[in-house]
There are 2 protein chains.
Amino acid sequence: MPKSALEFAESNKANALAELKDFLRIPSISTLPEHTGDVRRAAQFVADELKRIGMENVRLIETQGHPLVYADHLHAAGKPTILCYGHYDVQPPDPLDEWLTPPFEPTERDGNIYARGAVDDKGQLWMEVKALEALLQAGPLPVNIRFLAEGEEEVGGEGIAAYLKEHPEELKCDVALVCDTELFAPDLPTLCVGLRGMIYTEIEVRGARTDLHSGMYGGAAPNPFVALSQVIAKLKDEDGRILIPGIYDGIDAPTAAELAAWKSLPFDEEHYRETEVGSSVLTGEPGYSVLERTWARPTLDVHGMPGGFTSAGAKTVIPAKALAKVSLRLVPGMTPADTFEKLKGYVASIAPKGVSIEVRMIHSGEPIVVGTDNRFVQAATDAMRAVFAKETVFVRGGGSIPVVGDFARQLKVPTVMMGFGLPDDNLHAPNEKFNLSNFYRGTESIVRFFALLGA
Amino acid sequence: MPKSALEFAESNKANALAELKDFLRIPSISTLPEHTGDVRRAAQFVADELKRIGMENVRLIETQGHPLVYADHLHAAGKPTILCYGHYDVQPPDPLDEWLTPPFEPTERDGNIYARGAVDDKGQLWMEVKALEALLQAGPLPVNIRFLAEGEEEVGGEGIAAYLKEHPEELKCDVALVCDTELFAPDLPTLCVGLRGMIYTEIEVRGARTDLHSGMYGGAAPNPFVALSQVIAKLKDEDGRILIPGIYDGIDAPTAAELAAWKSLPFDEEHYRETEVGSSVLTGEPGYSVLERTWARPTLDVHGMPGGFTSAGAKTVIPAKALAKVSLRLVPGMTPADTFEKLKGYVASIAPKGVSIEVRMIHSGEPIVVGTDNRFVQAATDAMRAVFAKETVFVRGGGSIPVVGDFARQLKVPTVMMGFGLPDDNLHAPNEKFNLSNFYRGTESIVRFFALLGA
């Protein structure tokens with residue numbers, strides 16, 4: 001082990017945290033056009049640091065949307081090349097009034113750092129940068145490194161997908177490292193080996209030509225929110241089964257060995273319901289465990305229903321149109337295109353009278369399962385075991401990291417998903433946090449991972 | 001007829017319009033707290049003009065919300081006393097991007113004035129003020145006048161209701177005049193003799209304790225928008241029948257004579273669908289004509305569903321809560337309290353699992369039918385016939401003017417609802433307008449109405 005690299009990382013903790021706070025202060029919300037400048041500022045922040053620590057060929061790569069950040073260091077002849085990935089964009093912070101401290105004013109409480117992006121994914125991206133800094137400080141890098149960060153992960157990642165498709169030769173590598181997942185439980189080293197895909201859509205219902213007074217026209221004009229509710233009520237039954245015909249056809253079930261491994265994970269459904277979800281009961285497709293439902297079964301959610309009158313008080317309007325933001329999570333055996341066609345066809349078949357309906361795809365990602373029988377996963381397992389002093393477990397994730405599919409398809413390389421978040425880190429929600437000891441353990445794990453691969 | 005009053009009104013048209021424009025420039029949106037100052041400014045604008053034209057005892061009356069404007073002129077001994085009513089508050093202007101010209105920059109086009117509040121109700125209130133000005137200019141007022149305007153009509157009118165209940169003696173009168181309705185068709189003099197009541201409610205559904213990531217929790221956490229949609233889908237069937245048990249019990253049907261009169265009105269359902277509603281088909285309770293459905297049957301509408309993610313783009317959140325703004329229109333035989341209880345009980349009985357539901361009343365108003373066999377309605381009929389040279393028709397309105405019920409209950413007086421809007425005036429919608437010739441004919445009709453009552 002490169003002792004001096006680990007020593008540097010240890011002695012550099014305060015600097016790493018101060019830098020991360022500066023990074024978190026930039027509201028790089030990729031989905032909101034008014035933050036375009038902030039997103040670029042975050043990209044430049046990453047690029048500047050990569051240059052400072054000694055990475056080479058540092059540059060912003062322009063895309064149709066937000067830029068990519070690229071850097072490399074390719075002087076370890078005969079050693080493997082690792083593509084380090086992270087994303088510097090974040091989710092919107094709303095609802096703002098539920099944050100205990102402002103989302104873009106990082107605040108330490110109880111050994112955590114609270115801010116939008118703390119764990120998803122600025123904190124985890126910063127672990128990679130700090131691991132590289134430690135190794136570069138200690139001597140020649142033990143492996144070859146390419147670094148590629150994107151600013152569109154939260155909005156579908158089209159820029160990086162296009163770049164991977166068009167320039168695979170510029171990203172030649174042996175394995176990708178993605179730090180954007182989580183530990184299954186505190187102190188339990190975890191590698192993620194499968195992710196759900198998704199389609200994110202908008203369903204728009206139009207009734208009357210213009211907004212109408214509900215006193216004068218109530219009883220004659222179609223109400224698009226009622227019609228949209230009728231459509232949504234038919235997408236899922238009350239047990240949580242998706243009603244889109246054929247949606248469950250052709251799904252690849254997890255292997256018996258994988259299901260058995262999941263059963264042995266430390267998972268207490270009642271504790272999960274109480275502390276993570278906080279609802280009176282859990283919902284979802286009958287006949288499957290929570291881990292199966294969230295990792296290996298398709299699901300459907302509505303994220304919001306814009307349109308009409310949404311302020312405080314009362315407005316007696318029959319809106320001309322209503323929208324719903326609806327996504328499905330996909331599992332192996334499903335494709336975004338086929339799922340979208342099934343959704344679209346079904347919605348058309350159940351459209352209530354008097355309204356017109358359009359279903360639009362906003363973005364999508366393929367589901368993925370990565371192999372575990374390779375030396376990269378082995379090295380990651382060993383690195384994490386050394387840091388946590390525990391056996392590493394393999395899990396899947398319910399979320400989507402579409403770029404992992406692109407690495408497989410375009411670069412033909414496996415991905416190691418080594419993440420250090422915790423289940424209660426409030427990703428995409430108010431009071432997002434990152435446990436500081438996991439920030440430091442993550443940095444050390446990555447240092448060890450690179451050293452093992454270069455040994 | 002007081003020729004000089006009519007002559008003054010005729011010669012004063014340009015002034016009246018210029019003043020109305022100034023009035024319309026004040027964004028007196030009663031439902032939005034940030035416009036509280038503007039609402040008061042509009043009240044003061046009305047008070048200043050009442051003082052200028054010679055009305056007496058002009059003052060703002062404070063309420064729990066926005067102020068009332070009061071004035072009187074009580075020197076016509078032995079003549080009837082008329083309480084003139086109007087409201088100076090307006091609906092919110094959204095969606096802003098559908099206005100051809102800004103909602104608070106009144107613009108003349110094709111003989112109309114376009115602005116939020118043009119017809120509902122600033123323009124019609126201003127007819128009353130201008131009619132009083134014309135009569136005061138011409139000599140002693142032929143009748144006694146009390147003037148009472150409110151700034152909370154669009155948010156339930158609690159202030160005026162409370163004042164009427166507590167101070168009926170200060171508003172002693174023989175009849176109320178409300179100018180807040182419309183002509184059934186262009187050039188067809190119309191008196192409104194019935195209005196629907198309403199309850200305006202919010203249905204709030206809560207699932208998880210906090211917003212959750214739909215990738216990680218989709219399949220386990222309850223989705224409040226799906227649950228809310230399931231509830232709404234059960235409030236009305238796809239034919240438009242309300243499914244709340246008992247909702248149609250005890251409704252007073254219109255008389256055979258009234259139904260016959262409605263049938264003879266110039267109403268072309270296809271033209272109405274095409275030009276007013278602009279939808280592919282009309283919807284609503286089967287077995288009833290459009291006029292019956294909108295005037296004499298209860299209806300239910302959803303006005304918006306706030307909560308979750310509503311911006312452009314994508315956010316993969318399972319929101320902790322979802323809201324729906326839902327109102328019902330009531331007809332004679334129904335009461336707000338009973339209807340609210342029925343809605344609340346039914347929603348509780350159909351609540352999907354995993355969520356909690358609360359139904360809140362925002363405001364309400366009683367349905368009303370006014371008598372037509374009195375000299376006030378007769379004088380109004382004669383006044384409008386003289387101006388329009390056509391027989392006046394009696395109709396009902398689908399909307400709610402709760403104060404008419406308060407006039408009956410607290411002051412024990414009938415109300416004459418003489419309105420000059422048109423069906424396509426876009427009340428509560430973008431591009432609200434008021435036809436200028438109706439603004440002037442309305443002023444003349446009121447002058448004649450007062451003169452006939454004083455004769």
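Only a predicted model underlies this, so the values are computations on that prediction, with no experimental measurement involved. Chain letters run A, B, ... following the sequence lines, proteins first, then strands; residues in each count from 1.
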Derivation of the side-chain contact (heavy atoms from CB on, under 4.5 Å) call for B:M216 and A:E182 | CA-CA 11 Å; B:M216 296 167 71; A:E182 64 183 31; 2.8 Å; yes
Separation of A:E274 CD from B:R209 CZ (nearest 0.5 Å) =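 The distance works out to 6.0 Å.
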Nearest 0.5 Å please: distance from the NZ atom of B:K325 over to the OG atom of A:S311.
->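 One finds 7.5 Å between NZ of B:K325 and OG of A:S311.
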Options [options], ranked by heavy-atom pairs under 4.5 Å with chain B, top entry:
| options | value |
| --- | --- |
| A:T310, A:V155, A:T283 | A:T283 |
| A:I232, A:N431, A:L323, A:L195 | A:I232 |
| A:A324, A:G397, A:S400, A:A312 | A:A312 |
| A:S280, A:S30, A:S356, A:S214 | A:S214 |
| A:G308, A:G207, A:G313 | A:G313 |
| A:P306, A:A233, A:G284 | A:P306 |

Region of [X] that comes under 4.5 Å of a non-hydrogen atom in chain A:
| X | value |
| --- | --- |
| B:E238 | both |
| B:T299 | side chain |
| B:A221 | both |
| B:E276 | both |
| B:L427 | both |
| B:L32 | side chain |
| B:P352 | both |
| B:D425 | neither |
| B:K353 | both |
| B:T316 | both |
| B:T294 | both |
| B:T275 | backbone |
| B:V290 | side chain |
| B:F309 | both |

Look at [options] and state which one has the largest set of heavy-atom pairs under 4.5 Å with chain A.
| options | value |
| --- | --- |
| B:G219, B:G304, B:G354, B:P423 | B:G219 |
| B:G307, B:S327, B:P92 | B:P92 |
| B:T201, B:L212, B:V326 | B:L212 |
| B:P298, B:A314, B:G156 | B:A314 |

[X] versus chain B, the contacting section by heavy-atom distance below 4.5 Å:
| X | result |
| --- | --- |
| A:Q230 | both |
| A:R329 | side chain |
| A:Y288 | neither |
| A:P319 | side chain |

Can you name the nearest heavy-atom pair linking A:M305 to B:S229, along with the distance?
->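 Answer, listing the atom of A:M305 first, then B:S229: SD-OG, 3.8 Å.
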For A:P222 and B:V281, which heavy atoms make the closest approach, and how far apart are they?
->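 Of all heavy-atom pairs spanning A:P222 and B:V281, the closest is CD-O, 4.1 Å.
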When you measure from the side chain of [X] to the backbone of [Y], do you find a donor-acceptor pair of N or O atoms at a distance under 3.5 Å?
| X | Y | answer |
| --- | --- | --- |
| B:N223 | A:D301 | no |
| A:R206 | B:S279 | no |
| B:K315 | A:D94 | yes |
| A:K236 | B:A227 | no |

Report yes if some heavy atom in the side chain of B:D211 is under 4.5 Å from a heavy atom in the side chain of A:P430; otherwise report no.
->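 Yes, side chains in contact.
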Flag side-chain contact, heavy atom, 4.5 Å: A:H428 against B:I318 |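 A:H428 vs B:I318: side chains apart.
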Does B:E98 pair with A:K321 as a salt bridge, N-O distance under 4.0 Å?
->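 No, B:E98 and A:K321 are not salt-bridged.
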